[in-house]
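Taking it in order: structure first as structure tokens, then the write-up.
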Amino acid sequence: MKQNSDRKIKRIVIKIGSNILASAEQGLNTRRLSSLSKEISEVIDAGNEVVIVSSGAVAAGLKKLNLKKIPKDIQLKQAAAAIGQSSLMWAYEQNFARFNKKVAQILLTRNDVENRLRYINAKNTIFTLMSYGVIPLINENDPVAVDEIKFGDNDMLAALTAGLVEADMLIILSDVEGLYSMDPINKGSKIIKHVDKITPDIEKMAGGKSSAVGTGGMYSKLLAAKQANDHGIPVVVMSGKKSSLLPRFIHGKEVGTYFEPKKERLSSKKGWIAYGVRTKGSIRLDEGAVKALTEMGRSLLPSGIAGVEGGFEVGDYIKCLNADGKKIAKGLTNYSSKDLKQIKGKKTSEIEKILGYKYSDEVIHRDNLVIV
Ligand code: GLU
């Protein structure tokens, strides 16, 4: 399939990497930001909705703090993010105003995404902003995020955002032109235009290299692409340093690397279960239950549970493993680990007799379950 054929693009998440917008030596690259604002405005004026996930806060802050590179000291890095974020927003605001566009800032941490209520609140706010024609500008809330609650990098945040807003497309603007067949210093290296499926061979092509001021290298872009593709969202990685690539892509030209999504879309809720939330423990399923879940789309009953690992409560998210310990599903449990240890392998009709109560027949209802 050609990159841009038979797709109607409507809601687009555009991720802009740190290296495009800022450097430690120069601070914010206002020229680049200005031309990107123009190009993104053109994308919007062509009838699309755009949500921007922008990095660059830390890099922009470094210059203001007279630092030459990202400090090891986490508090100084967080201070750089705080000081740079206001410059970043100010620059976006000024630039988009030239094209009669308004912007709004949303700063997220992993906790906000993991908590269903906050996740839905963030989603509602973003949808409200879009209904007013305002461009939501998202970044990680770096000044308050500590390692355990970090997304890792903004590529991941962009993939989560694409799922959150049920985007039709994720565009990752990077300092590279796309995925290279081998390290671009090699002569024979060329851009892969189309990736049907992100296989281990494709992952090898991405190496593990990260860029100078951002956190993500090509590998992290692949992980983000894989996540968005799993949601059913196509992804394009292209250079954000060159002018007019974005409008060219929107008008149907082949640009960068296109990652083909899965045919079926994950609902926003299932996408959140798959990628937004972290699990507390796991259960091992017998062969029959694995089949019932993966092939027949059934709910999980206690009879299919062979083992329980870790401690969890009612309403926690847990992993479902097959006999080999491989994760096959993830879902919300209606029973605690303590209860499950007693009712595993038993019929639903026995639950009440064993526990003295019964919350439901299913341990995990299929609406709260996602196959991974
Ligand atoms: N949130 C960071 C920033 O705005 C960037 C993280 C990343 O490089 O992916 O500077």
Side-chain angles (χ1 to χ4, degrees), residues 1-17 19-21 32-54 95-96 98-101 130 133 135-138 155 158-159 161-181 184 189-199 202 205-206 218 221-222 224-266:
M1 190 179 107
K2 271 196 56 179
Q3 267 199 16
N4 221 358
S5 60
D6 65 23
R7 271 188 300 104
K8 103 181 183 315
I9 298 177
K10 195 71 183 72
R11 187 171 301 142
I12 307 169
V13 172
I14 301 178
K15 189 260 171 174
I16 309 178
N19 282 302
I20 298 165
L21 292 179
R32 192 69 207 114
L33 207 137
S34 156
S35 63
L36 271 174
S37 311
K38 180 170 178 286
E39 291 182 3
I40 293 173
S41 295
E42 280 172 40
V43 173
I44 296 170
D45 292 339
N48 301 295
E49 284 175 331
V50 169
V51 176
I52 298 174
V53 175
S54 181
N95 277 291
F96 275 113
R98 296 186 298 134
F99 308 101
N100 293 319
K101 308 270 182 289
M130 289 193 294
I135 307 169
L137 256 151
I138 299 175
D155 296 320
T161 302
L164 175 83
V165 302
E166 294 164 51
D168 298 299
M169 164 72 69
L170 168 62
I171 298 176
I172 299 181
L173 297 181
S174 167
D175 54 348
V176 291
E177 310 251 340
L179 176 67
Y180 287 92
S181 55
S189 168
K190 56 180 191 328
I191 297 282
I192 313 270
K193 287 195 175 152
H194 197 109
V195 174
D196 286 330
K197 191 166 185 261
I198 300 172
T199 58
I202 296 283
M205 287 178 192
M218 192 61 206
K221 288 170 186 52
L222 271 198
K226 200 166 180 184
Q227 181 173 319
N229 284 169
D230 276 353
H231 273 82
I233 302 167
V235 177
V236 180
V237 176
M238 67 172 87
S239 168
K241 289 196 155 175
K242 286 191 180 161
S243 290
S244 72
L245 289 185
L246 197 52
R248 268 172 56 200
F249 172 73
I250 295 297
H251 291 111
K253 297 276 184 302
E254 281 195 339
V255 176
T257 305
Y258 179 86
F259 295 88
E260 186 85 37
K262 277 200 179 146
K263 293 270 175 303
E264 271 167 40
R265 274 192 85 105
L266 269 186

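Remember, it's a predicted structure, so these values are computed and weren't measured experimentally. For the numbers below, each heavy atom of this structure counts, side chains included, while hydrogens, waters and symmetry mates do not.
Note that CD1 of I198 is 5.0 Å distant from CG of N229, once rounded to the nearest 0.5 Å. Taken from CG in L33 to CZ in F96, the straight-line distance is 7.5 Å, to the nearest 0.5 Å. Atom CD of E39 sits about 8.5 Å away from atom CG of L173, to the nearest 0.5 Å. Remark: H251 NE2 to S244 OG distance equals 11.5 Å, nearest 0.5 Å.
Residues R98 and S41 have side chains that never bring a donor and an acceptor to within less than 3.5 angstrom of each other.
For the salt bridge (Lys or Arg N to Asp or Glu O under 4.0 Å) condition, the pairs that include at least one residue of residues 232-247, sequence neighbours left out, are E177-K242.
What you find for A224 and I172 is that their closest heavy atoms are CB-CD1, 4.4 Å. Closest approach of G240 and I20 over heavy atoms only: O-CG2, 3.3 Å. Between T257 and L179, the shortest heavy-atom distance links the atoms OG1-N, 2.7 Å.
Partners of R265 under the side-chain hydrogen bond (donor to acceptor under 3.5 Å, both in side chains) rule, at least two apart in sequence or in another chain, do not exist in this structure. Remark: A158 engages K15, V53, L170 in a side chain to side chain contact (heavy atoms under 4.5 Å, CB included) (not counting sequence neighbours).
At least one side-chain heavy atom of S243 sits less than 4.5 Å from a side-chain heavy atom of R32. Taking the side chain as every heavy atom from C-beta outward, I12 and I250 approach each other to under 4.5 Å. The shortest side-chain heavy-atom distance between F259 and V237 falls under the 4.5 Å cut-off. Residues V13 and I138 fail the side-chain proximity criterion, which asks for heavy atoms closer than 4.5 Å.
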| Criterion side-chain contact (heavy atoms from CB on, under 4.5 Å) on I14 and L36, from CA distance to verdict | CA-CA 11 Å; I14 301 178; L36 271 174; over 6 Å; no
| query | Can I191 and M238 be said to form a side-chain contact (heavy atoms from CB on, under 4.5 Å), step by step? | reply | CA-CA 10 Å; I191 297 282; M238 67 172 87; over 6 Å; no
| Should R11 and D168 be marked as a salt bridge (Lys or Arg N to Asp or Glu O under 4.0 Å) after you check the CA-CA gap, both sets of side-chain angles, and the distance that decides it? | CA-CA 5 Å; R11 187 171 301 142; D168 298 299; 5.8 Å; no
| request: Report the C-alpha separation of I192 and Y180 in whole Å, then their side-chain angles, then the decisive distance to 0.1 Å, and conclude whether the side-chain contact (heavy atoms from CB on, under 4.5 Å) test is met. | output: CA-CA 6 Å; I192 313 270; Y180 287 92; over 6 Å; no
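Judged by distance alone, with hydrogens and angles left aside, the side-chain atoms of N48 form a donor-acceptor pair with the main-chain N or O of V43 at under 3.5 Å. The backbone N or O of V255 sits nowhere less than 3.5 Å from a side-chain atom of R248 that would complete a donor-acceptor pair.
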